[in-house]
Amino acid sequence: QETVAIETLTDGFHLLIDALKLNGINTIYNVPGIPITDLGRYAQGEGIRVLSFRHEQHAGYAAGAAGFLTKKPGVCMTVSAPGFLNGLTALANATTNCWPMILISGSSEREVVDLMQGDYEEMDQLAIAKPLCKAAYRILHAEDIGIGVARAIRAAVTGRPGGVYLDIPGSLLGQAMDAIEGRKSLVKVIDPAPAQLPAPDAVARAIDVLKGAKKPLIILGKGAAYAQADDVVRELVEKSGIPYLPMSMAKGLLPDNHPQSSSAARSLVLKDSDVVVMVGARLNWLLSHGKGKQWGEPYSKKFVQIDIEPKEMDSNVEIAAPLVGDIQSCAQALIDAMGPDWKKPPTGWTDAVRSKVEGNIEKMASRLQGNATPMNYHSALGVVKKVFEDRPDTILVNEGANTLDFARSIVDMSKPRKRLDVGTWGVMGIGMGSAIAAAVETDCPVVAVEGDSAFGFCGMEIETICRYNLPICVVIFNNNGIYRGDDQNRSGSADPATTAFVKDSRYEKMMEAFGGVGVYATSPDDLKRAIFEAIDSRKPTLINAIIDEAAGKESGNIGSLNPQSVVAQA
Ligand SMILES: Cc1ncc(Cn2c(C)c(CCOP(=O)(O)OP(=O)(O)O)sc2=O)c(N)n1
Ligand SMILES: Nc1ncnc2c1ncn2[C@@H]1O[C@H](COP(=O)(O)OP(=O)(O)O)[C@@H](O)[C@H]1O
Ligand SMILES: [Mg+2]
């Protein structure tokens with residue numbers, strides 16, 4: 001039995017790390033534990049940035065946000081079963097948002113799982129993950145690690161991006177093999193997200209539909225932000241002269257104060273437009289599925305839709321001009337086809353939109369002033385609005401109900417990919433993970449404007465923020481409750497739905513407990529001073545902003561989605 005010199009060997013641990021590094025993955029968001037603890041240590045030793053969280057769900061939200069910001073798959077690593085399940089919510093959320101993310105979870109050996117023999121944290125994770133993500137793979141042999149990682153990376157970013165599950169049975173990591181053979185087994189992924197050009201006849205059809213428009217509208221979605229095709233998107237909007245409406249995470253693709261922005265006239269443009277160009281945006285619940293009174297009656301909309309996913313077309317309403325391809329290629333093709341003499345929309349339309357925008361901005365402006373205490377959503381967000389005007393490189397993370405709805409329309413963004421929020425699902429709890437990823441991936445200061453209930457889903461990660469000394473300022477809009485803090489239950493007892501939280505909770509002391517800066521802010525002036533100080537000092541900060549508990553409304557702007565009981569009303 002010849003003895004093989006150890007230096008001529010590699011193993012699963014190191015092949016996995018080498019495969020990730022070979023493909024430019026330089027960060028892992030994880031919670032350590034059996035069987036991946038040493039994997040994290042070795043990865044860090046090989047120069048990968050490994051951040052350890054307090055709960056896998058937030059490591060996963062960080063990985064998803066990293067995917068959105070970088071166009072590379074964000075990697076979340078967890079232990080088996082419960083750790084995997086905690087990460088799965090974030091994987092499903094990334095898939096729903098069309099963001100590239102890979103969840104790597106340790107797992108039990110197949111022979112034990114398949115016989116259900118009761119292993120430590122035993123679960124058939126691959127089977128459970130499959131329906132909830134874009135693709136799922138398991139690797140059993142060290143020599144397959146190279147191809148397995150390559151498949152996961154390509155699946156995450158190609159076409160419509162999404163979440164991929166990679167199942168790593170514990171024994172794989174310890175498998176040794178010849179180092180030279182191991183190196184040869186690694187795969188560098190070539191052109192994982194190739195340009196997908198639209199068909200010339202599809203472009204011609206889209207131009208035809210656009211030429212017939214009297215009141216056109218462009219809707220920019222987070223797919224347009226993700227695509228990082230900023231120049232061509234801007235050129236398409238400005239060359240066409242068409243008013244545009246950015247969805248929340250597309251804000252900043254063009255500055256929100258752009259003369260063609262119709263955000264402040266959303267109801268008018270959805271109702272009165274006749275041709276609508278969807279650019280990396282879906283006609284899902286966020287846009288009332290493209291039908292109903294919000295879209296004007298009698299209904300006569302014509303849609304042009306740019307999307308990399310062919311099956312998205314006709315998802316909710318007929319698409320008159322489907323343009324299947326990536327945003328860069330489709331927008332460029334439209335610009336080329338528009339030619340040098342493109343006729344801008346009738347001024348009757350663009351002037352009507354513009355004056356509605358200016359009127360609504362005027363009306364809102366007065367509500368954003370004032371130094372009264374307690375603050376309300378408008379006076380507090382008037383401060384946040386000013387901060388982002390002065391610090392355009394700062395990234396805004398935002399979640400809550402009223403805290404989200406009001407901030408989305410009040411806080412203008414002037415640069416792309418500077419706003420991270422609850423996404424397509426409307427998930428509470430994305431705040432801290434998103435803030436950590438934003439700070440780690442961009443090194444920009446981050447301000448996370450959180451409802452107090454939303455913060456409750458992820459608050460323990462402020463210790464993670466302090467441990468890595470990240471430039472994150474958490475602003476909690478403390479209105480003492482979910483939606484509102486003074487709602488009464490119709491049955492008279494304590495309201496389980498909008499339970500008022502402990503009155504005057506001193507959240508800022510949590511941050512002080514971990515060495516961060518805690519601020520108790522009761523006035524807009526307090527709030528402004530504290531946010532600027534946090535951004536400029538780059539110190540982990542939590543500002544407990546006291547908001548009038550009567551200021552909000554249940555479910556923010558989407559209360560109408562609640563089912564109504566006919567019995568209870570009787
Ligand atoms: C994971 C999860 N759980 C529950 C909800 C339901 N929900 C919940 C619980 C919200 C909290 C709103 O309270 P808040 O304090 O964060 O914000 P405001 O008080 O400013 O409205 S908003 C909302 O849609 C959700 N969207 N996501
Ligand atoms: N590079 C890209 N090119 C074209 N479409 C893309 C690209 N990346 C993502 N998409 C598409 O963008 C859409 C994003 O829609 P959605 O998440 O609903 O945005 P929003 O919520 O902002 O309206 C998805 O249908 C997705 O397929
Ligand atoms: Mg609240």
Side-chain angles (χ1 to χ4, degrees), residues 57 61 68 71 89 93 95-100 134 157-162 193-196 198 219-229 233 245-251 253 278-287 305-313 315 323-331 376-377 380-381 398-407 419 421-431 449-458 476-485 487 497-501 505 545 547 549 551-559 561-562:
Q57 191 172 94
Y61 288 143
F68 169 71
K71 296 185 80 176
T89 306
N93 184 54
T95 306
T96 304
N97 283 333
C98 311
W99 295 347
K134 181 178 175 187
V157 296
T158 202
R160 167 182 275 181
Q196 298 189 15
I219 296 182
L220 302 176
K222 58 178 172 291
Y226 168 80
Q228 294 190 23
V233 166
L245 180 67
M247 300 302 284
S248 69
M249 287 179 65
K251 284 165 63 80
L253 269 174
M278 307 295 294
V279 186
R282 284 172 287 195
L283 283 166
N284 55 21
W285 73 279
L286 288 162
L287 284 167
Q305 184 156 12
I306 297 177
D307 206 296
I308 204 158
E309 172 49 63
K311 296 199 307 293
E312 186 55 35
M313 307 301 168
S315 62
L323 216 44
V324 177
D326 70 273
I327 282 161
Q328 173 74 33
S329 304
C330 291
N376 58 37
Y377 289 101
L381 288 168
N398 184 213
E399 58 176 343
N402 299 290
T403 301
L404 172 82
D405 291 338
F406 290 124
R419 179 187 160 93
D421 63 30
V422 298
T424 300
W425 257 353
V427 176
M428 288 302 112
I430 52 91
V449 178
E450 298 273 307
D452 46 345
S453 162
F455 176 72
F457 286 81
C458 51
I476 295 181
F477 275 23
N478 183 354
N479 70 327
N480 273 341
I482 297 181
Y483 307 133
R484 285 176 62 143
D487 266 0
T498 56
T499 311
F501 298 138
S505 298
I547 301 290
E549 58 185 16
K553 59 184 176 188
E554 183 179 324
S555 299
N557 289 345
I558 57 172
L561 295 182
N562 275 312

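The structure presented is a predicted model; accordingly, all values stated were derived computationally and were not measured. Heads up: numbering here begins at 1 and tracks the sequence. Start at 1 and go down the list; that is how both ligands and their atoms are numbered.
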Atoms of ligand 1, numbered as shown, that sit under 4.0 Å from any heavy atom of Phe457: 1 (C), 2 (C), 3 (N), 4 (C)
Identify, with sequence neighbours excluded, every residue that meets salt bridge (charged side-chain N to carboxylate O under 4.0 Å, His left out) alongside Arg419. Asp421
Indicate yes or no: does an N/O atom of Gly481 lie under 3.5 Å from an N/O atom of ligand 1? yes
Interfacing atoms of ligand 1 (cut-off 4.0 Å, heavy-atom, Thr403): 17 (O), 18 (P), 20 (O)
Nearest 0.5 Å, what's the CD-SG distance between Glu312 and Cys98? 7.5 Å
Note, Asn93 side chain near Tyr61 side chain (heavy atom, < 4.5 Å): yes
Enumerated ligand 1 atoms positioned under 4.0 Å from heavy atoms of Ala401: 12 (C), 17 (O), 18 (P), 21 (O), 22 (S)
Geometric N/O contact Glu399 with ligand 1, under 3.5 angstrom: no
Please check if any side-chain donor atom of Asn97 sits under 3.5 Å from a side-chain acceptor atom of Tyr226, or the reverse. no
Which atoms of ligand 1 sit under 4.0 Å from any heavy atom of Gly400? 16 (O), 17 (O)
Heavy-atom contacts with Asn479 under 4.0 Å: which atoms of ligand 1 show up? List them by number with element. 19 (O)
Under 4.0 Å, heavy-atom basis, I'd like to know which part of Asp452 is in contact with ligand 1: side chain, backbone, both or neither. both
Just verifying a value: how many Å separate Asp452 CG and Thr403 OG1, rounded to the nearest 0.5 Å? 7.0 Å
Please determine whether any non-hydrogen atom of Gly426 lies less than 4.0 Å from an atom of ligand 1. yes
Ile306 side, atom CD1; Met313 side, atom CE - distance, nearest 0.5 Å: 8.5 Å
For ligand 1, does Tyr377 get within less than 4.0 Å through its side chain, its backbone, both, or neither, judged by non-hydrogen atoms? side chain
Would you mind telling me if ligand 1 is within reach of the side chain of Phe455, the backbone, both or neither, using heavy atoms under 4.0 Å? neither
Pair Ser329-Asp326, side-chain donor/acceptor within less than 3.5 Å: yes
Output, in order, the C-alpha distance, side-chain angles, deciding distance and verdict of side-chain hydrogen bond (donor to acceptor under 3.5 Å, both in side chains) for Tyr377 and Asn479. CA-CA 9 Å; Tyr377 289 101; Asn479 70 327; 3.0 Å; yes
Within the structure, is a non-hydrogen atom of Trp425 found at a distance of less than 4.0 Å from ligand 1? no
Can you tell me how far the CG atom of Asn376 sits from the CZ atom of Phe477, to the nearest 0.5 Å? 9.5 Å
If we only count heavy atoms from C-beta on, is the Leu283 to Met278 side-chain gap below 4.5 Å? yes
The Mg ion (ligand 3) to Ile547: any N/O/S contact under 2.8 Å? no
Are Lys222 and Thr424 close enough that a side-chain donor and a side-chain acceptor fall under 3.5 Å? yes
Taking only heavy atoms of the protein into account, state which residues are under 4.0 angstrom from an atom of ligand 2, in chain and number order. Cys98, Arg160, Pro161, Gly221, Lys222, Gly223, Tyr226, Ala227, Met247, Gly280, Ala281, Arg282, Asn284, Leu286, Asp307, Ile308, Glu309, Gly325, Asp326, Ile327, Thr424
contact_flag Gly456 ligand 1 heavy-atom lt 4.0 Å: no
The Mg ion (ligand 3) to nearest N/O/S of Asn479 below 2.8 Å: yes
Quick one: which ligand 1 atoms are inside 4.0 Å of a heavy atom on Ala454? 16 (O)
What's the atom name of the N, O or S in Asp452 nearest to the Mg ion (ligand 3)? OD1
When rounded to the nearest 0.5 angstrom, what distance separates CD in Glu450 from CZ in Phe457? 11.0 Å
Minimum heavy-atom distance Val324-Pro310, with the two atoms named: CG1-CG, 3.8 Å
In this structure, CG of Asn398 is separated from OG of Ser248 (nearest 0.5 Å) by 8.5 Å
